[in-house]
Every structure is written in C-alpha cells, then in structure tokens.
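Below you'll find the structure, written out as structure tokens, and then a few comments.
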Amino acid sequence: LGVYFRFLTRNTSDEVPLSDEYEHARVYADIQGFRFDGRIKVEMDELDQQLAQITVPRLILQPLLENAFGHGLKQKIRGGLLKVTIQADEELVHIFVEDNGEELSDAQLETMQEQISQVTSGSLNIARRLQLYFSIEHALTITRSPLGGLKITLTLPRKQMPAPPKASK
C-alpha cells in the first residue's frame with residue numbers, strides 16, 4: 001500500500017518512465033489480488049528493461065486494471081483471469097490488458113468502440129491523453145479478448161518523442 005500511495009501522492013509529474021507506470025499497475029494488481037484471493041488470478045509480463053525509460057503519461061495503465069476488476073470480472077466467483085502482456089518491435093510497444101469476464105455483450109463492446117472518439121471518462125480519457133501525448137491515432141483500442149471478456153490495447157511509440165507543449169494559462 002505504501003508503494004501504491006507514494007506513486008499517487010509524491011509524484012506530481014504528468015509524465016513518468018514506463019517502468020514506474022508499470023510497477024504502479026503491478027502493485028495495484030497485487031493489492032486487488034489479495035482482495036479477490038481465490039476468485040481472480042492476475043498474470044503480468046515482466047517489462048523488458050529496454051522499454052523501461054520510455055516516457056508515458058502518468059496513470060494510463062492502472063485505471064484499465066481497475067476497470068477490469070470493477071466491471072469485467074466483478075461477477076466472477078472463481079476462475080477470473082486478468083492478463084497483462086507486452087509485445088514490442090523496433091517502433092511500437094503494445095500493452096494488452098484482457099480479462100475473461102462473461103458480462104460483456106456484443107452491443108456493449110460496439111458502443112465502447114464507437115465512444116473511443118468521444119472522450120469522456122475512464123478508458124476513453126486515457127485514449128484521448130495518449131492521442132494528445134504521442135500524436136498518434138488508435139493509441140488505445142478495444143476488442144473482445146480470446147479469453148472471452150474485454151481486451152484493451154495500448155500502443156506506444158518505442159522511440160522517445162518530444163513531449164507535447166504545455167498549455168499556457
């Protein structure tokens with residue numbers, strides 16, 4: 001809990017190394033793993049150290065895990081699975097957050113996919129922040145997971161890009 005709260009309260013920067021963001025998400029998943037012990041298993045890939053220093057907007061991964069626990073897996077009495085995997089090539093890093101929740105209908109999935117461009121909150125807010133930060137479209141996509149639930153894909157450029165200009169007041 002101390003590591004989790006330190007990240008939230010002592011780090012006021014809008015940007016963090018991917019290693020810090022990923023570790024914060026891992027700690028959050030561990031905390032939730034205790035809470036849902038026996039109901040939900042969490043599997044997270046190790047972050048390749050070659051990706052550790054990529055600068056990302058703060059709090060882009062943990063809210064996705066929070067949504068999986070709070071929505072996708074909330075009805076799982078046992079056998080729940082939250083999986084975070086990473087794939088990288090020379091140009092892009094893909095972080096996949098997926099669950100085996102059974103509550104996601106095709107209509108709900110379609111609505112979520114349509115709303116990605118109409119940023120309001122939660123995953124949609126993260127999508128907009130990533131688009132603004134990295135100047136790339138489709139930095140966050142939503143599909144059905146082969147596990148049966150939701151699959152969210154974060155796509156980040158591997159090479160460090162200059163940070164976007166700060167808005168003047």
### Task
Taking all heavy atoms of I126 and all of I60, pick out the closest pair and write down the distance.
CD1-O, 3.5 Å

### Message
The criterion is side-chain hydrogen bond (donor to acceptor under 3.5 Å, both in side chains); which residues satisfy it with Q87, sequence neighbours excluded?
### Response
none

### Task
Indicate whether any N or O donor in one side chain lies under 3.5 Å from an N or O acceptor in the other, for T153 and H94.
no

### Task
Please work out whether the ring planes of F69 and F36 are parallel, tilted or perpendicular, with thresholds of 30° and 60°.
parallel

### Task
Begin with the C-alpha distance, continue with both residues' side-chain angles, and end with the deciding distance and a verdict on side chain to side chain contact (heavy atoms under 4.5 Å, CB included) for L64 and L154.
CA-CA 10 Å; L64 301 179; L154 296 177; 3.8 Å; yes

### Task
Give the minimum heavy-atom separation between L130 and A139, together with the two atoms involved.
CB-CB, 3.5 Å

#### Entry: Heavy-atom closest contact (R39 atom, I77 atom, distance)
CG-O, 2.9 Å

### Message
Is there a side chain to side chain contact (heavy atoms under 4.5 Å, CB included) between H24 and L61? Walk through the geometry before answering.
### Response
CA-CA 8 Å; H24 174 70; L61 191 52; over 6 Å; no

### Task
Indicate, with yes or no, if I86 and F96 share a hydrophobic cluster defined by side-chain heavy-atom contacts under 4.5 Å among Ile, Leu, Val, Met, Phe, Trp and Tyr.
no

### Message
A quick test of your reading: do over 12 heavy atoms of other residues, nucleotides or ligands sit less than 6.0 Å from NZ of K83?
### Response
no

### Least distance between heavy atoms, T55 atom then E15 atom
CG2-CB, 3.6 Å

### Task
Quick one: closest heavy-atom pair of A68 and D99, and the distance?
CB-OD2, 4.0 Å

### Message
Let's go through R158 and I54 carefully: what are the C-alpha distance in whole Å and the side-chain angles of both, what is the deciding distance for side chain to side chain contact (heavy atoms under 4.5 Å, CB included) to 0.1 Å, and is it a yes or a no?
### Response
CA-CA 7 Å; R158 185 169 178 156; I54 294 172; 4.3 Å; yes

#### Entry: L81 side chain reached by L147 side chain, heavy atoms, under 4.5 Å
yes

### Message
Between D20 and R58, does any NZ, NE, NH1 or NH2 come within less than 4.0 Å of an OD or OE carboxylate oxygen?
### Response
no

### Message
I'd like to know if K74 and E103 make a salt bridge, using a cut-off of under 4.0 Å between side-chain N and carboxylate O.
### Response
no

### Query
What do the steps show when you test H71 against L150 for side chain to side chain contact (heavy atoms under 4.5 Å, CB included), and what is the final call?
CA-CA 10 Å; H71 299 289; L150 187 65; over 6 Å; no

